[in-house]
Number of protein chains: 2
Amino acid sequence: MRMHNPPHPGEIIKALCLEPVGLTVTEAAEGLGVSRKTLSAILNGRSGISPEMAIRLSIAFNTSAESWLSQQVQYDLWHAEQGRKALKVVKLAA
Amino acid sequence: MRMHNPPHPGEIIKALCLEPVGLTVTEAAEGLGVSRKTLSAILNGRSGISPEMAIRLSIAFNTSAESWLSQQVQYDLWHAEQGRKALKVVKLAA
DNA sequence: GCTATCGTAACCTGACACGTTACAGATTAC
DNA sequence: GTAATCTGTAACGTGTCAGGTTACGATAGC
C-alpha cells in the first residue's frame, strides 16, 4: 500500500502530452475523437481513463494503452484502499 | 497487442483460489462479503473485478490486489482493442 | 468590441457493479 | 423416493460513471 496519493492520469496527460506540443484542450479533444467536455473531465480528474480512451491516447500520442490503464488502476486502487477497513472480509487462505 | 484472448480473472479465481481449497461459491461469497450472485457473475466472466473486489480478494486469499486488477486490465484492454479500427483518432505526436 | 479557449452545469443515454428474491437443474445424503 | 445443498441465472431494484449535446460565465488575445 503506497503512502502518497498518486496523481490522476489526467495530470500526466496535460503535462506530458498537451503542454509540450502546445495543444489546446479543444484541439486534443477533436484529435482524440471525443467531446471537449469528456477530455476536460479527464484532465481535471473528474473522470477516469476507460479502456477505449486509453487506446485513443495510445494512437494519438504514440504511447502504450496499457501504461495509461495501469496509472488509472494505481489511482483507483489507492482510493479504494482508503475504505479497506470498512470491508467485512474473512481470510479464506493462508 | 497480444494475439490470444486473455482469460477473464474469474477463471483464475476459480482455479487458483476456490478449487485447491475446496471452497464452494456460496462459502467464498460469504467470506468475501458479497452476494453469491455477484461472485458467480465474476467466476463466469459476466462481471469484471472492481477495485473493491480486488481488495476483498487480496484480504481473503492473501494475494495482491494489484495483480487482480492488472489481469482485469489485460482482459478489458484486449476486448477494447478489437474495436480499435472503429475509433476515429488523429495522430497528435510523433 | 469580437473571438477563441476553457471549465462546468444541466440534461440525456448506456453500461455495469451490487443487492434481494425466486426459480430450475444437478448432486449428494438419508 | 425425498430432502438438502450447491449452482447458474432471470427479474426486479439501486448507485455510479463514461460519454454525448447544449449553454453559460470567465478569461485571454486581437
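Residue numbers start from 1 in every chain, and the chains themselves are labelled A, B, ... in the order their sequence lines are given, proteins ahead of strands.
Between A:Leu18 atom CG and C:dG7 atom C1' the separation is 15 Å, expressed in whole Å. The separation between B:Gln72 atom CD and C:dA17 atom C1' is 12 Å, rounded to whole Å. Whole-Å rounding puts the B:Asp76 CG to C:dA15 C1' distance at 12 Å. B:Glu52 has its CD atom 18 Å from the P atom of C:dC16, to the nearest Å. If you measure from atom CG of A:Asn44 to atom C1' of C:dT5, you get 13 Å, rounded to the nearest angstrom. Between the CD1 atom of B:Ile55 and the P atom of C:dC18 there is a distance of 12 Å, rounded to whole Å. Whole-Å rounding puts the B:Lys37 NZ to C:dA24 C1' distance at 17 Å. Atoms NE2 (B:His8) and P (C:dA17) sit 13 Å apart, rounded to a whole Å.
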Can you list the steps and then say if B:Ser35 with B:Thr38 is a side chain to side chain donor-acceptor pair (under 3.5 Å)? CA-CA 5 Å; B:Ser35 76; B:Thr38 297; 2.9 Å; yes
Side chain to side chain donor-acceptor pair (under 3.5 Å) for A:Thr63 and A:Trp68? Distances and angles first, verdict last. CA-CA 9 Å; A:Thr63 52; A:Trp68 293 114; 2.9 Å; yes
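Among the atoms of the strands shown, only primed sugar atoms or phosphate atoms (P, OP1, OP2) are found under 4.0 Å from some heavy atom of A:Arg46. Within the nucleic acid shown, A:Ser35 comes within 4.0 Å of at least one base atom, counting heavy atoms only.
Proximity of B:Ser47 to the phosphate of C:dC18: no side-chain N or O atom is located under 4.0 Å from OP1 or OP2.
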Could you list the donor-acceptor pairs under 3.5 angstrom formed by side chains in residues 21-30 of chain A, with sequence neighbours left out?
| residue | atom | partner | partner atom | Å |
| --- | --- | --- | --- | --- |
| A:Thr24 | OG1 | A:Glu27 | N | 3.0 |
| A:Thr24 | OG1 | A:Glu27 | OE1 | 3.3 |
| A:Glu27 | OE1 | A:Thr24 | N | 3.1 |

N/O donor to acceptor pairs below 3.5 angstrom from side-chain atoms of residues 41-51 of chain A, sequence neighbours left out:
| residue | atom | partner | partner atom | Å |
| --- | --- | --- | --- | --- |
| A:Asn44 | ND2 | A:Ser40 | O | 2.7 |
| A:Asn44 | ND2 | A:Ser40 | OG | 3.4 |
| A:Ser50 | OG | A:Met53 | N | 3.1 |

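With a 4.5 Å cut-off on side-chain heavy atoms, A:Gln71 and A:Tyr75 do not count as touching. Side-chain atoms of B:Val73 and A:Gln72, non-hydrogen and from C-beta on, never get closer than 4.5 Å to each other. The closest side-chain heavy-atom distance from A:Ile55 to B:Leu77 is below 4.5 Å.
The A:Ser40 side chain lies nearest to C:dT8 when the options are C:dC6, C:dG19, C:dT8.
You can see that DNA chain D meets the heavy atoms of chain A within a 4.0 Å-exclusive cut from D:dA18 to D:dA23, reading 5' to 3'.
Between B:Arg36 and B:Arg56, the residue whose closest nucleotide on DNA chain C is further toward the 5' end is B:Arg56.
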